[in-house]
Amino acid sequence: MKLFLLGFMGAGKSYWGKQLAEHYQLPYFDLDEVIVEQEGMPVADIFNEKGEEHFRKLEGEVLRELTLSNDAFLISCGGGTPCFSDAMDFMNAHGKTVWLNPSVPVIVERLQRKQYKRPLIQDLSREDLLAFSEKKLAERQPFYEQSQVVISDDEVTLETFDKLINNA
Ligand code: S3P
């Protein structure tokens, strides 16, 4: 099985990615972590020193490399991955895409805890974070909603994933 877990920052991709990889006995890749390892610097530094365009190019390349060089996996994408480099078409052609889509208040609550790590929201106040998340999510929705599986519960369970993934 080739599973791609996607969704906005703070949607729970890393947490659920690890849980699901263990549940389905799949090799687990966190796209951001693979990029950080390859570049030898944190995502925020890549953005600040080399620019977002460079990061998006790398993201598209690493996604393709991992997908084509492994028979089975769970890949946790970055929040923006589906929106660049024709990634949705690519992922849908090569595996199952799962969109983790909790409500914006849940996302914002989580984002406040690790804001410093995320270059797009690093300097935002709480009010700005809410407005930013609503706007960015609306922009990204057309990409995310091309997913084969959509999970919009704020409280997700492994059983929910299992049922939806097996039926997709
Ligand atoms: C981004 C999300 C981040 C990371 C980068 C850009 C985005 O990943 O790839 O900071 O554009 O939404 P997470 O969704 O894992 O935070």
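Keep in mind the model is a prediction, meaning the values are calculated, not measured. Remember, it's 1-based here, ligands and their atoms both numbered in the order they're listed.
Between F143 and F84, the distance separating the two ring centers is not shorter than 6.0 angstrom.
Scanning the protein for heavy atoms near atom 15 (O) of ligand 1, the closest one is D32 OD2, 3.4 Å. Of all protein heavy atoms, the one closest to atom 10 (O) of ligand 1 is P119 CD, 3.4 Å. What sits closest to atom 5 (C) of ligand 1 on the protein, heavy atoms only, is V43 CG1, 3.8 Å.
The distance from ligand 1 to the heavy atoms of R140 drops below 4.0 Å at these ligand atoms: 7 (C), 11 (O), 12 (O). Atom numbering of ligand 1 starts at 1 in the shown order; those under 4.0 Å from a heavy atom of R118 are 16 (O). Short contacts between ligand 1 and G78, defined as distances under 4.0 Å to a heavy atom of the residue, involve ligand atoms 8 (O), 9 (O), 14 (O). Against a heavy-atom cut-off of under 4.0 Å, F55 is close to the following atoms of ligand 1: 9 (O).
Looking only at atom types and distance, the side chain of E39 has a donor-acceptor partner in the side chain of H54 under 3.5 Å away. Between the side chains of Q146 and N92, no donor-acceptor pair of N or O atoms lies under 3.5 Å.
The pair E159-K163 does not count as a salt bridge, with every side-chain nitrogen at least 4.0 angstrom from each carboxylate oxygen. A salt bridge links E139 and K136; the closest N-O separation between the charged side-chain nitrogens and carboxylate oxygens is under 4.0 Å.
Neither the backbone nor the side chain of K117 has a heavy atom within less than 4.0 Å of ligand 1.
Between G79 and ligand 1, an N or O atom pair is found at a separation short of 3.5 Å.
Of the listed options R56, E52, E59, R56 places a heavy atom closest to atom 6 (C) of ligand 1.
Between F8 and L111, the shortest heavy-atom distance links the atoms CE2-CD1, 4.3 Å.
The number of heavy atoms from other shown groups lying within 6.0 Å of CG (D71) does not exceed 12.
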